[in-house]
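Structure first, then comments.
Order of the sequence lines sets the chain letters (A, B, ...), proteins ahead of strands, with each chain counted from 1. Here the structure is a predicted model, which means the values were calculated and not measured.
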Number of protein chains: 2
Amino acid sequence: MGTNTDATATLHEEVVARLREMLIEGVIPPGARIPERDLCRLFAISRTPLREALKVLAAEGHVELLRNRGARVARLTSRDLRELLEVCAGLEAIAGELACQRVSDAALARIEALHAEMAAHHRSHDLPRYYQCNRQIHEAIVRAAGNAALAAMYDAVNARIRRARYLAPMPPAHWDLAMREHEGIMNALVRRDGAGLAHILRRHLDNKFKEIELAGFAESEAAASSPARRTEPGQANGRRHVAR
Amino acid sequence: MGTNTDATATLHEEVVARLREMLIEGVIPPGARIPERDLCRLFAISRTPLREALKVLAAEGHVELLRNRGARVARLTSRDLRELLEVCAGLEAIAGELACQRVSDAALARIEALHAEMAAHHRSHDLPRYYQCNRQIHEAIVRAAGNAALAAMYDAVNARIRRARYLAPMPPAHWDLAMREHEGIMNALVRRDGAGLAHILRRHLDNKFKEIELAGFAESEAAASSPARRTEPGQANGRRHVAR
DNA sequence: GACGTGTAATTTGCATGCAAAATGGACGCG
DNA sequence: CGCGTCCATTTTGCATGCAAATTACACGTC
């Protein structure tokens with residue numbers, strides 16, 4: 001995302017990368033307050049580069065900055081998830097359209113191979129590996145569009161919804177449907193049917209949202225942000241702050 | 001973009017807003033180096049909040065940060081323009097699709113009014129006012145999609161291409177075509193033809209790119225970033241740095 | 001004059017210090 | 001017991017200072 005090609009990063013860049021990974025992976029629970037002091041200790045740096053890193057992560061939507069009240073890990077509400085999946089659908093749709101014009105034979109062959117592998121994981125009911133191939137396919141299509149800005153935005157959006165999208169359990173019926181949709185995706189791509197591919201991708205993601213919604217994914221507590229607290233779902237412990 | 005509702009901003013927020021506006025409007029020439037010192041004087045603040053602001057603007061793509069070498073105003077290359085217009089097309093397409101499902105009667109009426117006004121400006125060959133309506137229409141469609149994340153990303157992408165998109169001269173033939181496309185856009189929206197609207201919007205922006213390209217818009221100097229310098233196109237003077 | 005070299009001045013990256021705002025209780029009142 | 005107030009503590013926002021990296025430039029060589 002930066003414009004630097006160098007390998008050795010500055011402190012704030014390092015922290016942006018590491019903290020972003022932690023936030024994406026959910027190491028720090030969504031909604032948790034993250035006092036600068038704690039993060040300074042965690043990364044062993046002073047507040048100056050840390051604050052710079054937080055500003056960047058806030059711009060990316062990973063944390064929320066509350067004036068004079070510090071940062072907290074952004075929560076993915078049901079509404080956020082819908083909105084981001086809709087954005088994702090728009091990006092994948094245009095990517096598919098462009099990919100049909102620009103995909104190289106090598107890239108197409110790789111996508112076909114990934115698709116075959118994914119189908120195998122579907123048949124053997126290996127959801128984690130299925131998701132891994134699935135994600136690689138979607139990302140490969142976006143890369144095949146030959147548009148760096150599009151790819152960067154796609155990655156940024158997906159980072160926010162990654163766990164919801166690629167960790168959610170899928171009932172067999174949905175899984176079968178998703179697999180059939182992917183057959184259609186491959187078909188359209190091979191036939192270079194941009195409009196068709198865009199259409200399928202949009203519907204594919206629409207179904208994905210409905211499925212996650214039905215599975216009851218939600219990082220948000222009660223609508224009000226009052227201190228009334230419940231146990232954090234999907235969280236090993238109820239800590240509110242990063243370990244110090 | 002921030003999560004704060006308050007009116008009084010902190011220094012770095014204030015600077016982000018003001019500097020962003022300057023960058024979008026091209027007050028500081030693209031490609032210009034912007035030493036922190038100068039900006040500190042300009043805004044009468046210390047380097048700490050200024051640097052935080054620069055990090056945010058870099059994340060938004062308005063400036064480039066060069067490790068140990070400060071910031072410079074991002075330049076919009078022809079490739080950047082193509083990529084961002086393609087992203088924009090994807091976002092507008094999905095927005096159109098969603099808007100067809102969700103647009104309120106009031107919002108639709110406003111868009112129709114804007115369209116009528118724009119058509120009048122087209123007839124009277126008033127390009128600035130035409131562009132003003134044009135932009136409001138596109139933004140209104142995006143707003144009508146009922147998706148805040150989509151709207152925010154749309155605004156961010158458009159900020160980077162605003163001058164190219166809404167200041168470029170248009171030969172009559174292109175202008176007439178654009179106007180006809182807008183008739184189609186209105187038509188599809190009124191008929192709630194999401195797929196059709198998405199299709200027209202994508203083609204509309206594709207044509208827009210071709211048109212700007214033909215007009216020879218480019219903020220980039222010679223491909224190499226060597227110190228060989230020419231006069232900065234579209235710039236009142238050849239300054240390399242912000243006024244001090 | 002073109003071009004490399006060494007050094008001074010500038011600029012960046014980061015740590016630290018201080019004032020203002022927010023937080024957390026202790027206390028008093030209804 | 002619930003609830004508002006006041007004050008000590010913590011936390012944030014910003015300015016400043018210092019070391020490292022970069023830049024500018026004078027000088028010497030070809």
Determine, for [X] against [Y], whether the closest basic-nitrogen to carboxylate-oxygen distance falls under 4.0 angstrom.
X	Y	result
A/Lys210	A/Asp206	yes
B/Asp155	B/Arg143	yes
A/Arg67	B/Glu13	yes
A/Glu92	A/Lys208	no
A/Glu86	A/Arg79	no

Can you tell me the distance, in whole Å, between the [atom1] atom of [X] and the [atom2] atom of [N]?
X	N	atom1	atom2	value
A/Glu13	C/dT12	CD	C1'	12 Å
B/Arg41	D/dA15	CZ	C1'	16 Å
B/Arg67	D/dT23	CZ	P	13 Å
B/Lys55	C/dT12	NZ	C1'	9 Å
B/Arg37	C/dG13	CZ	P	16 Å
B/Leu11	D/dT12	CG	C1'	13 Å
B/Arg33	D/dT22	CZ	P	11 Å
B/Arg72	C/dT12	CZ	C1'	16 Å

Proximity to DNA chain C (any heavy atom under 4.0 Å), residues of residues 43-54 of chain B only: B/Arg47, B/Arg51

A/Arg69 side-chain N/O to C/dT23 phosphate OP1/OP2 under 4.0 Å: yes

B/Ala107: partners by side chain to side chain contact (heavy atoms under 4.5 Å, CB included), with sequence neighbours left out: B/Val103, B/Ser104

Which residue lies more 5' along DNA chain C, comparing A/His12 with A/Asn68 via nearest heavy atoms: A/His12

